[in-house]
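Take a look at the structure below.
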Amino acid sequence: MDHILINSHNILRWAVLLFGLYAITKSARGLFLKQSYSSNHNLSATLFVASVHLQILIGLLLYVARGWANNFSKMGEIMGDSTLRFWTVEHIFGMLFAAVLVQVGRTKSKKANQDAKKHRSSLVFYTLGFILIIAMIPWPFRGEIARSLWP
Ligand code: HEM
């Protein structure tokens, strides 16, 4: 069970990044080329938001399955160790905050009554969320927390 979750979480990262880039590009083009907000813009946003939500769900399951959630009782020790701190605190809260940014962008974009505002909210919040996601991924060059690019 554990390895199915970690492998899915590893692979789904690429979907999140791909759909993120797609949604950001669509909203940037929409804003700067003054396009009307089309079903394609909506689809690109839906794919990004859905992939982030699914990744968060799998991440939460992994967090419990791998015992990281039990670390809260020994916070002093955790905060002094950069690897334990990354997995217990930084990865989860960084990614949850990124998901909130993406969701705020989606909600603001849906509520906006002008196409330019829809594109701008998407562009700003999806880009901020995307940058945070990139920063919180355990890339292979990241020393002790490094993980592979593919399972
Ligand atoms: C968009 C959001 C996220 C992305 C892109 C992402 C990405 C990744 C990647 C690439 C790995 C390494 C997988 C491997 O070892 O093959 C990983 C591991 C992990 N992630 Fe995430 N993650 C996200 C959100 C979350 C969240 C919200 C949580 C917790 C609630 C979480 C918990 C974990 C855990 C527990 C591991 C495995 C750590 C271990 O080896 O025990 N992830 N994540």
Side-chain angles (χ1 to χ4, degrees), residues 1-31 37 39-112 118-151:
M1 184 62 187
D2 183 40
H3 72 277
I4 298 176
L5 286 176
I6 193 85
N7 291 351
S8 320
H9 198 65
N10 185 312
I11 295 169
L12 189 60
R13 154 252 313 254
W14 295 113
V16 170
L17 296 179
L18 213 74
F19 291 144
L21 276 181
Y22 182 47
I24 290 168
T25 312
K26 289 294 291 178
S27 53
R29 284 176 60 84
L31 181 64
Y37 193 87
S39 57
N40 274 339
H41 293 108
N42 191 43
L43 176 67
S44 68
T46 305
L47 289 172
F48 184 36
V49 174
S51 63
V52 169
H53 282 180
L54 185 57
Q55 185 71 325
I56 296 287
L57 179 66
I58 299 175
L60 284 170
L61 293 173
L62 261 178
Y63 193 76
V64 174
R66 295 222 150 175
W68 296 108
N70 302 333
N71 281 348
F72 279 95
S73 52
K74 36 184 178 174
M75 241 351 175
E77 185 190 326
I78 300 303
M79 296 313 270
D81 179 316
S82 59
T83 305
L84 291 179
R85 190 176 62 231
F86 178 81
W87 290 115
T88 309
V89 183
E90 293 168 6
H91 186 69
I92 170 170
F93 289 109
M95 292 304 195
L96 286 175
F97 187 54
V100 169
L101 287 170
V102 170
Q103 188 57 57
V104 167
R106 180 68 172 143
T107 307
K108 276 174 131 355
S109 165
K110 272 186 174 175
K111 283 191 178 160
K118 286 180 180 290
H119 292 309
R120 190 175 302 113
S121 300
S122 308
L123 180 59
V124 170
F125 286 94
Y126 297 168
T127 304
L128 290 175
F130 188 81
I131 292 171
L132 192 51
I133 289 172
I134 297 268
M136 286 299 142
I137 288 180
W139 297 108
F141 57 83
R142 293 199 55 183
E144 291 205 338
I145 57 157
R147 294 294 156 86
S148 59
L149 293 177
W150 197 257

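Just so you know, ligand 1 is whichever comes first in the structure, and atom 1 is the first atom listed for that ligand. Side-chain atoms are counted along with the backbone in the values below, which use heavy atoms only and exclude waters and symmetry mates.
In terms of protein heavy atoms, atom 16 (O) of ligand 1 is closest to Asn10 ND2, 2.7 Å. Of the protein's heavy atoms, Trp87 CZ3, 3.5 Å lies nearest to atom 36 (C) of ligand 1. Nearest protein heavy-atom contact of atom 41 (O) of ligand 1 is Trp68 NE1, 2.7 Å. Here the protein heavy atom with the shortest distance to atom 40 (O) of ligand 1 is Arg147 NH1, 2.4 Å.
Looking at every heavy atom in both residues, Met136 comes nearest to Met95 through CB-CE, 3.6 Å. Heavy-atom minimum distance, Ala98 versus Leu132: N-CD2, 3.7 Å.
Shown in contact with Leu60 at under 4.0 Å from a heavy atom are these atoms of ligand 1, numbered in order with element: 29 (C), 30 (C). Near Ile56, meaning under 4.0 Å from one of its heavy atoms, ligand 1 places the atoms 27 (C).
Between the side chain of Asn10 and the backbone N or O of Ser148, at least one donor-acceptor pair lies under 3.5 Å. The main-chain N or O of Ile24 is found under 3.5 Å from a side-chain atom of Ser27 such that the two form a donor-acceptor pair.
Considering both main-chain and side-chain atoms, Tyr63 never comes within under 3.5 Å of ligand 1 through any nitrogen or oxygen pair. At least one N or O atom of Arg66, backbone or side chain, sits closer than 3.5 Å to an N or O atom of ligand 1.
The heavy atom nearest to atom 37 (C) of ligand 1, considering only Val102, Ile6, Asp2, is found in Ile6.
With sequence neighbours excluded, no residue forms a salt bridge (Lys or Arg N to Asp or Glu O under 4.0 Å) with Arg29.
Taking CE of Met79 as the start and NZ of Lys74 as the end, the distance is 14.5 Å to the nearest 0.5 Å.
Taking 2.8 Å as the limit, the number of protein N, O or S atoms around atom 21 (Fe) of ligand 1 is 2.
Ring geometry, Phe48 versus Tyr126: the interplanar angle exceeds 60°, so the pair is classed perpendicular (tilted spans 30 to 60°).
Note on residues 94-105: pairs passing side chain to side chain donor-acceptor pair (under 3.5 Å), not counting sequence neighbours, are His53-Gln103, Gln103-Thr107. For residues 83-99, the pairs satisfying side chain to side chain donor-acceptor pair (under 3.5 Å) are Asn71-Thr88, Thr83-Glu144, Arg85-Glu90, with sequence neighbours left out.
Annotation: Tyr22, atom OH; neighbour count of heavy atoms from other residues, nucleotides and ligands within 6.0 Å is above 12.
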